[in-house]
Each structure stands twice: as structure tokens, then as C-alpha cells.
Amino acid sequence: MNTERIVCLSQKEIEKMRHAGQIAAQLLEYLEPMVKPGVSTLELNDAAEAWTQARGARSAPLGYHGFPKSICTSINEVVCHGIPKATEILQDGDIINIDVTPIVDGFHGDTSRTFFVGTPSPLAKKLVEVTEECMMRGIKAVKPGGKVGDIGAAIQEYAEAQGFSVVRDFVGHGVGRTFHTAPQIPHYGIQGKGKKLRPGMVFTIEPMINEGTYEVEVMPDKWTALTKDRKLSAQFEHTIVVTRDGVDILTLHPSLVAV
Ligand code: MF3
Ligand code: CO
Ligand code: CO
């Protein structure tokens, strides 16, 4: 049983989360043009680490429960937690999720996107587009007084209607001064079920959507999660806050934030 308390952040803490979130979004924006055939995932990692340090921030993944690198890079059949490597070279047609979490002034900004390397197959393109839409539908399902299950129900309904499956073994999570805390946010479920959403709750919505089975396998490195059938998997992630009248995305790039 998960008895960890769900904390609601103060307005001041939420603004610090927004700052961390914007740094995280800027880091993805900085990495995006490097995503090209011939680049290694270690090069992406090292660029991310240098960029993060230059902003006086820290990479939360580095050393987290022994994770060896600063970002996660998950290619094609890798569902999540791929470890950057010098020997892993991006190829035309790959899809790659880059997941970053800088800690800025004590707060974690957690966001990821799946990028195309060169030209994607029609199927890869559809999977990635559906996955981003799943994340957005999950976000739009958030409102104060609603339930955690509303989020997963919205995601699962759309993913399965498009012929894809929703990963069960990894979920969204509360985030703030702590990287992973209560509540857990499954990306599948039943509308009206689960914990009540309250203003000030901050958590991630990060659906992993698979081409084939939702089942995953973790490699002997204890991190890299693969689809059991080795078909494709995609993921998008935002950190959000429940507001008094709906939801606010904290990991939007500053250029996209409405004023
Ligand atoms: N950023 C991932 C998430 O969205 C967590 C990565 S944990 C690590 O929750 F140790 F693999 F970095
Ligand atoms: Co993440
Ligand atoms: Co996360």
C-alpha cells in the first residue's frame, strides 16, 4: 500500500517548479537539433550535462538509485530508462525519447519528448503522434475535484482506439523537491476512480504507448526497459499542476507560454 502523503505546493513553490520546468523544456529544445543520424546517445548526454551545469542546475537522473548518466535516451523498442552510450549511434528512421530532469533551486522539472531521426516510417510517425495526443488528452482530463482515474481513462481510450497499447509497469508521479513521490498516475484506468485531484497537486503525465503488447522486460543492466515483442514504443511527458479551475503545464517552453 502506498501511504506516502500527497503534498499540495504553495503558490511560491509552484513558481519555482515552473522555473525548473521551463529550464527542462529549454534543455529539450537545445538537444533537438542534435538528433540526427550518426550522433551517439552519449553525445546527447554530455551536451545535456554541460548545458545543465552552465545554468547552475543539476541532472536528477545522474546517480539516482544508481542510474549512471544524466538523461534517459530510449530508442525504438526501448520503452524508457535507456542509458546513453558511446556505441549507440542514431540511425535514419529511428525514434528516440529524450527524458530530462534538471533540479533548479531544489525543484525538479521532468519532461520528455520522442523525436524522429531523419525520416520515420508511417507507422512510427503515427505511434509518436498518437502518443503526444494521449499525453495532451490526459492533461486535459485534469481538473480540481476530478479523480486520478480520469487521466488514465482518457489516455487508454484514445490509445486503444488507435490500435496501440498502454504500458502498465511505469506510471506518472508526484514531483517537486522529490523526484518521484505520491500520487502514482497510471496511464490506463477507469473514469471516476482513484484519488481526488486538488489544487496545488503537482505530478507528471508520461504515457508510454506501444505498437504491440504493453508488456515490458527490463534488461540485465537493471534499467533499460524493452517491449516484450520488440515492437516500437513512444513516450511524451509533462509536469503539470492542478489549478483552481483546471490544469497548468509547468514544462512548456517559455516561447509557448501564453501571456
Ligand atoms: N525521468 C524519468 C521519469 O520520468 C525517471 C528517470 S529515473 C532514472 O520519471 F534514474 F532513470 F533517471
Ligand atoms: Co522523465
Ligand atoms: Co517522470
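Counting starts at 1 for both ligands and their atoms, following the listed order. Below, all heavy atoms of this structure are taken into account, side chains as well, without hydrogens, waters or symmetry copies. Quantities reported herein were computed from a predicted structural model and do not represent experimental measurements.
Both Y158 and V166 are members of a single hydrophobic cluster when ILVMFWY side chains are connected at heavy-atom separations under 4.5 Å.
Considering only heavy atoms from C-beta on, I75 stays 4.5 Å or farther from I95 through its side chain. Contact of the L127 side chain with the I209 side chain is registered, since non-hydrogen atoms from C-beta on lie closer than 4.5 Å.
Contact annotation: H180 places no N, O or S atom under 2.8 Å from the Co ion (ligand 3). The distance from the Co ion (ligand 2) to the nearest N/O/S atom of D99 is under 2.8 Å.
Heavy-atom proximity to F67, at under 4.0 Å, picks out these atoms of ligand 1: 8 (C), 10 (F), 11 (F), 12 (F). Numbered from 1 in the order shown, with element, the atoms of ligand 1 that lie under 4.0 Å from a heavy atom of E206 read 3 (C), 4 (O), 9 (O). Interface of T101 with ligand 1, defined as ligand atoms under 4.0 Å from a residue heavy atom, comprises 1 (N). Those atoms of ligand 1 with a heavy atom of P61 less than 4.0 angstrom away are 12 (F).
Paired with H81 under the rule ring pair (Phe, Tyr, Trp, His ring centres under 6.0 Å), one option of F67, W223, Y64 passes, and it is W223. A side chain to side chain donor-acceptor pair (under 3.5 Å) with H173 holds for exactly one of T239, D110, T181, T178; it is D110.
If you look at C72 next to ligand 1, the close heavy atoms, those under 4.0 Å, all belong to the side chain.
In this structure, H65 falls outside the shell of residues with a heavy atom less than 4.0 angstrom from ligand 1. The closest approach between a heavy atom of H180 and any atom of ligand 1 is below 4.0 Å. Using a 4.0 Å cutoff on heavy atoms, F170 does not count as a contact of ligand 1. Note on ligand 1: T204 sits outside its first shell, no heavy atom being nearer than 4.0 Å.
Centred on the Co ion (ligand 3), the NE2 atom of H173 and the OD2 atom of D110 lie at an angle of 90°, reported to 10°. Around the Co ion (ligand 3), the two atoms OE2 of E206 and OE2 of E237 are separated by an angle of 80°, to 10 degrees.
A distance of 10.0 Å separates OG1 in T251 from CD1 in I205, rounded to the nearest 0.5 Å.
Nearest protein neighbour of atom 2 (C) of ligand 1, counting heavy atoms only, is D99 OD2, 3.3 Å. Summary of contacts: the protein heavy atom closest to atom 7 (S) of ligand 1 is Y64 CD2, 3.9 Å.
By the 3.5 Å distance cut-off applied to N or O atoms, D110 is counted among the residues near ligand 1. Between H81 and ligand 1, no pair of N/O atoms sits closer than 3.5 Å. Of the polar atoms of W223, none of the N or O atoms is found under 3.5 Å from an N or O of ligand 1, judged by distance alone.
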Report the C-alpha separation of R137 and E132 in whole Å, then their side-chain angles, then the decisive distance to 0.1 Å, and conclude whether the salt bridge (charged side-chain N to carboxylate O under 4.0 Å, His left out) test is met.
-> CA-CA 9 Å; R137 287 183 182 222; E132 185 166 24; over 6 Å; no

Which is it for Q22 and Q26 under the side chain to side chain donor-acceptor pair (under 3.5 Å) test, yes or no, and what are the steps along the way?
-> CA-CA 6 Å; Q22 290 185 350; Q26 284 174 29; 5.3 Å; no

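The pair R18-E15 meets the salt-bridge criterion, since a charged nitrogen lies less than 4.0 angstrom from a carboxylate oxygen. A salt bridge does not link K126 to E133: none of the charged side-chain nitrogens sits closer than 4.0 Å to a carboxylate oxygen. A salt bridge links R113 with E32; the closest basic N to acidic carboxylate O contact falls under 4.0 Å.
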